[in-house]
Structure formats: C-alpha cells, structure tokens
Amino acid sequence: MSSTGTGRERLYLFDTTLRDGAQTNGVDFTLADKRVIARMLDELGIDYVEGGYPGANPLDTEFFAEKPRLGQARFTAFGMTRRAGRSVSNDPGVAALLEAKADAICFVAKSSAYQVRVALETTNEENLASIRDSVTAARAAGREVMLDCEHFFDGYKENAEFALACARTAYEAGARWVVLCDTNGGTMPHEIETIVGVVAKHVPGDHLGIHAHNDTEQAVANSLAAVRAGVRQIQGTLNGLGERCGNANLCSLIPTLKLKGEFSSRFEIGVSDQQLGSLVKVSRTLDDMLNRAPNRHAPYVGESAFVTKTGIHASAVLKDPQTYEHVAPESVGNHRKVLVSDQAGRSNVIAALERGGIPFSKNDPKLTRLVEELKEREAAGYAYESANASFELLARRTLGSVPEFFRVEQFDVNVEQRYNAVGERITVALAVVKVDVAGERLISSAEGNGPVNALDVALRKDLGKYQGYIDGLKLIDYRVRILNGGTEAVTRVLIESEDETGERWTTVGVSPNIIAASFQALMDSVFYKLVKSGGAG
C-alpha cells in the first residue's frame, strides 16, 4: 500500500477525456482543444492525462510529437499490444507508442476468452504472449506501463482463469497498473466488488485500476465499489463523456472522494481543496469548448445541483443550508439558488431579492403583490426560475425602482424570399423599430437572418444617450417552447444574453405571437443591461 504520510492511502486519477471521451457522438477535438484540455486537467490535479492514440490518426500523432508542459500529470499514450503473429519490433502500432513523446503507455488487450476467439481470432496463449512482450518492451524503453484489460468482468464471468491470467501476466511483466475494464458497462456494483476482491489476491491492489462505462447508469458506483474492494487507480472522463452512454464521470467522483467521509478519511487524491473549488469552471469550460449545453441536473457541478424550489424547503435552506444540501456548494465552485416559481412563498422571493441586491422591506405590502404577480404570470406561462434577469426587472418594477429608459412606440418586421446577386434564393428579414428616448424619437432599421435577429439588431442600433451602455451586449442563445396545442398556441421564448464583461443573464417573453414573445425577452435584456450598467445616471 502506498501511504501519503497522512495515514491515508493514495488514490490515483486517470483521465481519458481526450481518448475515450473523444468517442462521444458529436464530440470532435481539435489539436488546440486537446492542448488546452490537457493543461486544464493538469491544473485540476489529475495524475494521468491520456492524450489519445498515436499512429491511429494524424491529429493524435501530431499531439504526441511534442510532450505538453504539464506540472503534475503524467502524459499517457494509448494503443494496442502487439498483433498476433508479429513481433514487437515488427508492429507499427507498438512502434508509434514507443516513439510518442509520453511519460506513460497504456496498452489495451483482450481479457475475455470469447473476445480473443471471436474478435482477434487467435489463441489464449498468443494473447498472453502479446501482453507480456508489449509490457516488457515498453518497460525496457523506460516508460511507465499500464494495461487496460478489455472486457475483463464479462471475461471473468465466462472464464475466470484466463481473465486472471491476463491481469497477472501484465503485472509480472512489470506493468505499474493493471486496469480492469467493464467495457460493455453492464456489470453491477456488487459483482465489481466481489470480482475485484478476488483479483486483488493475484495482483496487489495498489497496482489495480478500474475503467467503468455507464450503460446502466452505474459507472460512478462501480468505480467506488472497486475502490472499496482494493483498486487504487480510477479512470474516467470530465462530464462523463465517452462512447455510447459514457464513462465514469470524474466531476462526480472527485468531490465524492474529497467530501464523503468513507473515502476522504481513508484516501488522498491529487486534487487539493482549492483545485476542487474550480470543478464547476472546469466542467463548464469543457462544455463551452464543445458547444454543448451543460447538464443542469449533473451532481455537484450542475446549475440545479443546489437549487431549492418549493417554499417549505426554501424556508429551511435559508435557516440552515444543511437541511437540504449534502455538501457546501462553494466547495466545488457552485452556488446555492432558491428559485422563484409558482410554488414559491415569501421565503423564495425574499432570498431572490437579497441575491439580486434589490432593496426591499419585509413589511412592504408591495412584496405581497410581487408574490401574487409571480404566481399569476407563471400560470400564464412565464418561467422566472429560468429567467433571472426578467425576475429582477419585474421585482424592481413592482417595488417601484426601474426608470423608463426608453419607450418603444412601434416595431415592424417583414420577411421575404428573393434572389441575391449570384442567383441564389435567400430569405431575408427586415425590422424597423421606433423608440422614444427622453422625448427624442429615433427610428432604426436592420436586416437579419431571421425576424428575431433583425429585431434585435434594429432595437440596439440607436438608443440615443444609452447607446454606449449596450454596445457590448449580444444575444448568445434563443429557445422557444410551445406551451399548448392548437392554432392559438401560447409561446414561451427564453433569450440568453452576454455583455462585454462575460456576464450572462436570461430573459423571458410569453405570447400567442412568437415575435411578440421574442420582443418582450429582447426588451427585458436591454433594460437589464441598462440597470446593471447604471444607465439611469
């Protein structure tokens, strides 16, 4: 067992976001992405960063042509053991691994007799020889070596003797880590714990790792079960990326290992408390790079992970957060949020007002009016729990503290199809907006690739003395939901905006007319920016 000097055993974290995570449907990393993510993982405190499969594609080959400058993490190359019937010196795949500028090599080999027979069409003896030869060659080249025992748990249940022989052969040949893979993701936690317990009698636990897939939504549970049974390396990905249903989610595993006493009292990982506090940022940075919407319901790092909606719960959270929170949200870089909704009582509204820095008095009768107004509007289709900026504006208006910066007297939108100069048929939207700014009438027009885009550009084209406050404002997301059926369906529009400082906010509009709903949300976005920027002055 490896001790850290604190009386706790060391657990090692192995990230395969850049290799296994790259197999996620719709995920394509550029070389620049890989370099940024590798540094980000290193700064998080990850022990091993698996960069990809050199020799398998030009991008990964180029990535391994020069070792990235990492502080703590060991840069790891992935690839297959030598092919059946070839020597190590005559296998181009092994040669590419040995040539890669990497600290460690992670070989993958079948550990299921069925897979060896059907997929590789070779013998068990040749498979064991391939493992032995490959590990030995990489060790001789001065690399830290590990072996991913592919299909290990399925293979163990079919032929335990052969699966164990694969693991033992790698260890005896000098592998630092023998990683047991639940490749198809169908093994149950109790099976993982039992099987790992047996393997640990053949290979020491501080040389064993776990690689779990999430096909039964138990990859995290299976990884923790393996730790209980003896493994001391965990493989996973940020945000649970990976083929099919994904891999074990390190964004769930890391805080569990750090914050839950069963593990934190026994084990130490390379992620410090300070690094743990950056977890939300790391998770969302990856999603931003991939242009993916973050999973708002993700444990620990999701936007809803520390959200309270119902009035009774909200009231309790305000008295003591531990009533409905299993860990402090700040520990992972998240924050507490009490939603304003049709289930809200005064406690929710008060908490939201305090969070927004909106002045109010608990004895003000306008506060009661605000609660009722919220319930009526949400019954009509507004969703203020998803539109923080629109809630703040409604609250300020009800409590009497939002100036009328400008008034829209009229707007008009036309959409037409026509041929452009090169003979292509295109659709163009033209919007005209008339506003009154302190008695001055201003008329702006703009074209857009759609009616909402045209309205957005026209509205923000000229607001007179307030124009300087909104020059950095831009619309970054637009979502529409139809709230009921039929020809008179009510539409809810949510618009997410961002300013020059990177601050983001969401506004909502509701109407049977999608353009009217969109314009409400656009107006709220502009007003919110003016309020935040001190435009009243």
Side-chain angles (χ1 to χ4, degrees), residues 14-23 27-31 33-35 38 48-68 70 74-113 115-152 155 166-167 169-179 181 183 209 211 235 242-243:
F14 182 108
D15 181 276
T16 181
T17 300
L18 299 177
R19 199 274 302 173
D20 223 343
Q23 299 185 56
V27 168
D28 293 293
F29 295 117
T30 66
L31 182 59
D33 290 339
K34 286 203 165 198
R35 287 171 173 161
Y48 296 90
V49 173
E50 188 174 58
Y53 195 154
N57 59 72
L59 189 150
D60 281 359
T61 300
E62 185 177 357
F63 190 32
F64 281 93
E66 181 181 348
K67 191 162 65 174
L70 304 179
R74 295 183 66 74
F75 191 46
T76 306
F78 173 89
M80 293 176 62
T81 53
R82 71 160 176 81
R83 299 176 194 176
R86 290 198 180 203
S87 65
V88 167
S89 59
N90 193 34
D91 190 299
V94 175
L97 287 172
L98 296 177
E99 291 168 7
K101 299 297 189 296
D103 301 302
I105 292 174
C106 182
F107 287 108
V108 60
K110 304 292 186 187
S111 56
S112 155
Q115 294 285 341
V116 168
R117 182 175 70 253
V118 174
L120 297 184
E121 297 182 334
T122 189
T123 65
N124 290 353
E125 292 73 23
E126 174 66 9
N127 190 70
L128 292 173
S130 174
I131 292 172
R132 183 183 305 109
D133 294 347
S134 302
V135 172
T136 300
R139 284 277 292 161
R143 304 298 176 81
E144 180 177 347
V145 188
M146 55 198 85
L147 182 84
D148 279 0
C149 292
E150 193 176 25
H151 296 286
F152 182 83
C166 291
T169 296
Y171 172 65
E172 291 172 353
R176 169 66 182 90
W177 294 105
V178 177
V179 183
C181 302
T183 306
H211 179 108
Q235 296 196 359
E243 63 180 334

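The figures that follow rest on heavy atoms only: side chains count, while hydrogens, waters and symmetry mates do not.
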Which donor-acceptor pairs under 3.5 Å do side chains of residues 84-93 form with protein atoms, sequence neighbours excluded?
unit_1: R86; atom_1: NH1; unit_2: N90; atom_2: O; d: 3.2
unit_1: S87; atom_1: OG; unit_2: S89; atom_2: OG; d: 3.2
unit_1: S87; atom_1: OG; unit_2: N90; atom_2: N; d: 3.3
unit_1: D91; atom_1: OD1; unit_2: G93; atom_2: N; d: 2.9
unit_1: D91; atom_1: OD1; unit_2: V94; atom_2: N; d: 3.2
unit_1: D91; atom_1: OD2; unit_2: R83; atom_2: N; d: 2.7

Short question: side chain of [X], backbone of [Y] - any donor-acceptor pair under 3.5 Å?
X: T17; Y: G21; value: no
X: R132; Y: A170; value: no
X: D33; Y: T30; value: yes
X: T61; Y: G55; value: yes

Interatomic distance, [X] atom [atom1] to [Y] atom [atom2] [nearest 0.5 angstrom]:
X: E150; Y: K110; atom1: CD; atom2: NZ; result: 3.5 Å
X: T183; Y: H211; atom1: OG1; atom2: NE2; result: 6.5 Å
X: N127; Y: C166; atom1: CG; atom2: SG; result: 5.0 Å
X: I131; Y: T169; atom1: CD1; atom2: OG1; result: 6.0 Å
X: R143; Y: I105; atom1: CZ; atom2: CD1; result: 4.5 Å
X: R117; Y: N124; atom1: CZ; atom2: CG; result: 8.5 Å

Q. For the side-chain contact (heavy atoms from CB on, under 4.5 Å) test, which of F78, F107, W177 pairs with D148?
A. F78

Distance alone, cut at 3.5 Å: any donor-acceptor contact between the side chains of [X] and [Y]?
X: T136; Y: D133; answer: no
X: T76; Y: E50; answer: no
X: E144; Y: Y48; answer: yes

State, yes or no, whether a side-chain contact exists between [X] and [Y] at a heavy-atom distance under 4.5 Å.
X: C149; Y: V179; value: no
X: D60; Y: K34; value: yes
X: L128; Y: E125; value: no
X: L147; Y: C106; value: no

If you take all heavy atoms of [X] and [Y], which pair is closest and at what distance?
X: L18; Y: D15; answer: N-OD1, 4.3 Å
X: A175; Y: V178; answer: CB-CG2, 4.4 Å
X: L98; Y: A137; answer: CD2-O, 4.4 Å

Q. Does atom CZ of R139 have more than 12 heavy-atom neighbours from other groups under 6.0 Å away?
A. no

**Q.** Audit row: E126, L120, side-chain contact (heavy atoms from CB on, under 4.5 Å) steps and yes/no
**A.** CA-CA 10 Å; E126 174 66 9; L120 297 184; over 6 Å; no

Q.
Quick check: F75 with F63 (ring centres under 6.0 Å apart)?
A. yes

